[in-house]
Amino acid sequence: MLVGCLFVLALSVAGCSSSKAHSFQFDANVFLADLNPTSQGVLGALYVTIVISVVAQALGVAIGVLAALGKMARITPFRVIANVYIWFFRGTPLLVQLTFFYFGFGAAHLWGWDDITIFGFFIPGALQAAMVILGVNEGAYMAEIIRAGIMAVDPGQTEAAKSLGMTYGQTMSRIVLPQAARVIIPPLGNEFNNMLKTTSLIFVLGVVETYDHYVILQGLNYRPFEAYAACALWFLLLTTIWGFIQSRIEVRFSRGTATGSSALPGPGWRTRIFGAAAGSTGLGGH
Amino acid sequence: MTAPNISTDLLGAIGGVPRPDVDVVVDARDVNKWFGRLHVLKDVSLRVKRQETVVVIGPSGSGKTTFIRCINHLEKIQSGRIFVNGHLIGYREAGGGKKLVEDKEKNIATQRQEIGMVFQRFNLFPHMTALENIIEAPIHVRGMAKDEAVAMGRALLERVGLAAKENVYPNQLSGGQQQRIAIARALAMKPALMLFDEPTSALDPEMIGEVLEVMKELAREGMTMIVVSHEMGFAREVANRVVMMDDGVVVEEGTPDQVFSAPKQDRTKAFLSKIL
């Protein structure tokens, strides 16, 4: 039903623009065919987008934790490494990082990105490069978010954990990070929303993900308007679904806070789409 | 006002008085500490025998809190030695015993298992229930089996009068209840020594009694305790000794009667006249 709403929205937008165009006729049949999830390659491309996003984000969080701890470390070399890493990956365009580390490193024989098979999954080199470079790039942004989260935890928590005989690792993993998570989760959700969309850049590596699928498609049928509209709609669907998942996760992680004792649900989908006051107009369709 | 349902036999929940083999639990010798240029502890020495309760009093800024924080190495010291159960805390000696080198973090963590600490602001873990707070360290630090830890945790909760609050998160508990759970949490590690850093200072007046009641019971049962507190009633009732600190120095020490009724030092007299 949600897809339906978005579809209607897209059609109306498309209708408006087509009326102003000179000799352009919006072809609904082409659009629907482009959008059709059962048409060849669409689901596969979406699958690639989702898998790469999840893996890259997970990698980004892991690297972000390390970089955040490195940035806060007492040992100077750790701090230097973390700072240089963050400086580089936040200071250069992702597109340049992707091409430099994939094509550049390949040409220089620094890293070949050979195809590998892990646990029975065949992972082509370009796909590896996409996941790793996106993840490493993301880690630089996550580092700041995670550091802010850790610093938001009362220092008394660390002292209490230490006084119970916990090591640094236990204190971080069992006491500080779970509490920091509360602060980290909302911006992390936004980062993942970004990640879903940013994966479209990896078409430069020749990975066929959602965007690249439609690039190829419009090259075949010469209908870029319909193809990219369908592409946008798929991304909109992904980020919208993620929005719902995100609000669930945020409720889950507010345990033990002032608002967390009662499981307050986030705003419903009506509120999210139409705003708080419009909920009563009731376009129906559960 | 007394706390509801505080039973006797608090230590029964953790299998009796821990470490009956040690005579002198704390032996601090000529401890010096600076915060930058500020000399906050000046040759502070203190011996605490097993099952003794020592109350440390003094004006704010006198170094009393800093001192007990040094005992479990939450603060570093620059010279002197602190032994707990005969082990040098936080450091190892180098250069023929002349220099102090900070110990490995892991060794310090091991030493802290023997030292329970109760904080002014409770510092319960907000993402864990009352019971989870108590069993966290026994399971993950001591390696206790979960069933065993839960049984002990429940026994402790019952004996601090909070059996019904097992699954409640700290933010739904009063300050007095939180502090009683914090005491139970520290006890669950079966420490040879308990440190209390102004445990009732952050409490509403009507909740002070219930926390003091638990502490008195602990003292009576023979837990070795160092308490930074201005609760004179508590000190008179259960302290073996009262130590008066001012400006980083131990000014005077003696039985509660000696210190409160017949202080020898002018600084002690001046301080007592303000708080009594």
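These numbers come from a predicted model, not from an experiment. Numbered from 1 within each chain, the chains take letters A, B, ... in sequence-line order.
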Considering residues, nucleotides and ligands other than [X], do more than 12 of their heavy atoms fall under 6.0 Å from its [atom1]?
X	atom1	result
A:Trp111	CH2	no
A:Arg248	CZ	no
A:Phe78	CZ	no
B:Arg81	CZ	yes
A:Tyr47	OH	no

If you take all heavy atoms of [X] and [Y], which pair is closest and at what distance?
X	Y	result
B:Arg185	A:Ala160	NH2-CB, 3.5 Å
B:Lys106	A:Thr167	CG-CG2, 4.3 Å
B:Gln113	A:Leu164	CG-O, 4.4 Å
A:Gln179	B:Pro126	OE1-CG, 3.2 Å

Which bit of [X] comes within less than 4.5 Å of chain A, counting heavy atoms only: side chain, backbone, both or neither?
X	result
B:Ile108	neither
B:Ile115	backbone
B:Arg69	side chain

How far does [atom1] of [X] sit from [atom2] of [Y], to the nearest 0.5 angstrom?
X	Y	atom1	atom2	value
A:Arg174	B:His140	CZ	NE2	3.5 Å
B:Met117	A:Glu159	CE	CD	7.5 Å
A:Ile175	B:Asn123	CD1	CG	11.0 Å

Problem set entry | Check: A:Pro178 and B:Met128 side chains under 4.5 Å, non-hydrogen atoms | no
Problem set entry | Validation row: B:Phe119, A:Ser163 side chains within 4.5 angstrom (heavy atoms) | yes
If you count heavy-atom pairs within less than 4.5 Å of chain A, which of [options] leads?
options	value
B:Leu195, B:Leu124, B:Thr129	B:Leu124
B:Asn72, B:Val168, B:Val118, B:Leu74	B:Leu74
B:Met189, B:Glu105, B:Arg142	B:Glu105

Problem set entry | Contacting region of A:Gln170 [heavy-atom separation from chain B under 4.5 Å] | side chain
